[in-house]
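This report refers to the structure that appears directly beneath it.
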Amino acid sequence: MPPLRRESLADQAAERLLERIRAGEWELGAKLPGETTLAPQLGVGRSTVREAIRRLAGIGVLTTRQGSGVFVTRLDAPSGMDSILDRADIEAVIEARIAIEAEGAALAARRRTEADLDAIRAALAVRAAHRGDLARHVETDTAFHRTVIAAAHSPVLLEMFDGIAAHLRRAMIDMLRTRAGGFGDDADQESHADLLAAVERRDAEAAAGLSRSHLAGLLSRVGAPPAPGA
């Protein structure tokens with residue numbers, strides 16, 4: 001790896017980290033190594049790594065959770081679409097997600113490979129393991145749906161999904177925390193397993209229907225009354 005230029009070290013370090021995220025070194029929701037590991041890799045000091053992380057957090061690529069570390073919350077820098085999403089309410093964004101994911105699920109059922117199925121199965125297992133932690137549930141749920149879209153082998157759909165997922169993360173956490181009903185229960189996990197099964201058997205119509213139904217239920221919950229005491 002060539003040495004970093006002396007000017008704007010934090011910007012350069014941030015760009016190097018972003019390049020590694022784009023290249024798939026860390027998946028959505030993955031935890032980054034600590035500053036003591038990243039600093040020598042990038043050829044900078046820990047304070048520069050800290051500033052690079054702050055810059056990537058500022059554009060939604062990373063998030064810092066106190067006592068837990070730094071996690072990937074989107075896989076690329078925001079595009080022009082983000083300004084549109086910033087002005088949209090959560091209902092409109094979920095409606096867009098329905099359009100993207102229903103078609104993506106149908107294409108995944110038609111185009112998926114065995115490697116794609118392995119990735120979806122692994123994401124489903126991780127999702128099941130983190131149902132008790134709200135922030136991790138949102139991250140692992142997003143990662144599961146991303147593997148389905150990735151199996152569609154449509155770069156445009158995948159980029160659109162990534163933009164929407166990054167925008168929705170905070171809103172989803174807030175909504176699940178304050179609205180009626182739990183999250184990640186057995187019925188919810190089973191509906192995701194059903195989606196995997198439809199993709200496995202190449203049933204495009206069922207995959208699209210399951211994806212649409214799941215997200216329509218989420219859309220209805222946005223307008224649900226807050227849980228008692230919330």
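- Across every non-hydrogen atom of Val49 and Ala39, the tightest pair is CG2-CA, 3.6 Å.
- Residues Leu124 and Gln189 form a side-chain contact, since some pair of their non-hydrogen atoms from C-beta on lies under 4.5 Å apart.
- Pro33 is linked by a side-chain contact (heavy atoms from CB on, under 4.5 Å) to Trp26, Thr37, Leu38, counting only residues two or more places apart in sequence or in another chain.
- Using a 3.5 Å distance cut-off with no hydrogens or angles, the side chains of Ser191 and Asp194 do not pair a donor with an acceptor.
- Applying the salt bridge (charged side-chain N to carboxylate O under 4.0 Å, His left out) criterion to Glu35, with sequence neighbours excluded, gives Arg46, Arg50.
- Taking the six-membered ring where the residue is Trp, His214 and His192 present perpendicular rings, their angle passing 60° and hence far from 30°.
- Scanning all heavy atoms of the two residues, the minimum distance from Val148 to Ala105 falls at CG1-CA, 4.0 Å.
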> What's the verdict on side-chain contact (heavy atoms from CB on, under 4.5 Å) for Ile149 and Leu107, showing C-alpha distance, side-chain angles and the deciding distance?
Replying inline: CA-CA 8 Å; Ile149 300 298; Leu107 290 174; over 6 Å; no

>> I'd like to know whether Glu25 forms a side-chain contact (heavy atoms from CB on, under 4.5 Å) with Glu19, so could you lay out the CA-CA distance, the side-chain angles of the two residues, the decisive distance to 0.1 Å, and finally the verdict.
In response: CA-CA 9 Å; Glu25 184 169 342; Glu19 287 172 359; over 6 Å; no

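- The hydrophobic cluster containing Leu215 does not contain Leu196, counting ILVMFWY residues as joined when their side-chain heavy atoms lie under 4.5 angstrom apart, directly or transitively.
- From Glu159, atom CD reaches atom CG of Leu157 across 10.5 Å, with rounding to the nearest 0.5 Å.
- Heavy-atom minimum distance, Leu9 versus Val44: CD2-CG1, 4.4 Å.
- Glu205 meets the salt bridge (charged side-chain N to carboxylate O under 4.0 Å, His left out) test with no other residue; sequence neighbours excluded.
- A salt bridge is defined here as a Lys NZ or Arg NE, NH1 or NH2 lying under 4.0 Å from an Asp or Glu carboxylate O, and Arg112 with Glu114 meets this definition.
- Taking all atoms of both residues into account, the shortest heavy-atom contact from Ala150 to Leu158 is N-CD1, 4.1 Å.
- The salt bridge (charged side-chain N to carboxylate O under 4.0 Å, His left out) check on Glu27 picks up nothing, with sequence neighbours excluded.
- For the pair Ser220 and Gly217, the tightest heavy-atom approach, listed with the atom from each and the gap, is OG-O, 2.6 Å.
- Figure legend: Arg65 and Phe71 shown as a cation-pi pair, the cationic atom lying under 6.0 angstrom from the six-membered ring centre and within 45 degrees of its axis.
- With sequence neighbours left out, the salt bridge (charged side-chain N to carboxylate O under 4.0 Å, His left out) criterion links Arg55 to Asp11, Glu51.
- Between Ile98 and Ala216, the shortest heavy-atom contact is CD1-N, 4.1 Å.
- Two residues are said to be in side-chain contact when any heavy atoms from C-beta on lie closer than 4.5 Å; Asp116 and His153 meet this criterion.
- Annotation: side chain of Glu139 is not in contact with side chain of Leu28 (no heavy-atom distance under 4.5 Å).
- Taking hydrophobic clusters as Ile, Leu, Val, Met, Phe, Trp and Tyr residues chained together by side-chain heavy-atom distances below 4.5 Å, Ile94 shares a cluster with Phe161.
- Between the side chain of Ser213 and the backbone N or O of Gly209, no donor-acceptor pair lies under 3.5 Å.
- Every residue meeting the side-chain contact (heavy atoms from CB on, under 4.5 Å) condition with Ala106, not counting sequence neighbours, appears here in chain and number order: Arg110, Ala204, Ala208.
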>> I'd like to know whether Leu62 forms a side-chain contact (heavy atoms from CB on, under 4.5 Å) with Ile21, so could you lay out the CA-CA distance, the side-chain angles of the two residues, the decisive distance to 0.1 Å, and finally the verdict.
In response: CA-CA 10 Å; Leu62 300 175; Ile21 292 169; 3.9 Å; yes

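- Rounding to the nearest 0.5 angstrom, the gap separating the OG1 atom in Thr142 from the CZ atom in Arg127 is 9.5 Å.
- Residue Arg212 holds its CZ atom at 11.5 Å from CD of Glu101, rounded to the nearest 0.5 Å.
- Atom CG of Leu195 sits about 11.0 Å away from atom CG of Asp203, to the nearest 0.5 Å.
- With hydrophobic clusters built from ILVMFWY side chains whose heavy atoms lie under 4.5 angstrom apart, Val138 shares a cluster with Ile100.
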> Yes or no on side-chain contact (heavy atoms from CB on, under 4.5 Å) for Leu218 and Arg97, after CA distance, side-chain angles and deciding distance?
Replying inline: CA-CA 11 Å; Leu218 180 62; Arg97 187 177 163 185; 4.1 Å; yes

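- Going from atom CZ of Arg22 over to atom CG of Leu17 covers 11.5 Å, rounded to the nearest 0.5 Å.
- Note that the CG atom of Asp118 and the OG1 atom of Thr147 stand 11.0 Å from one another [nearest 0.5 Å].
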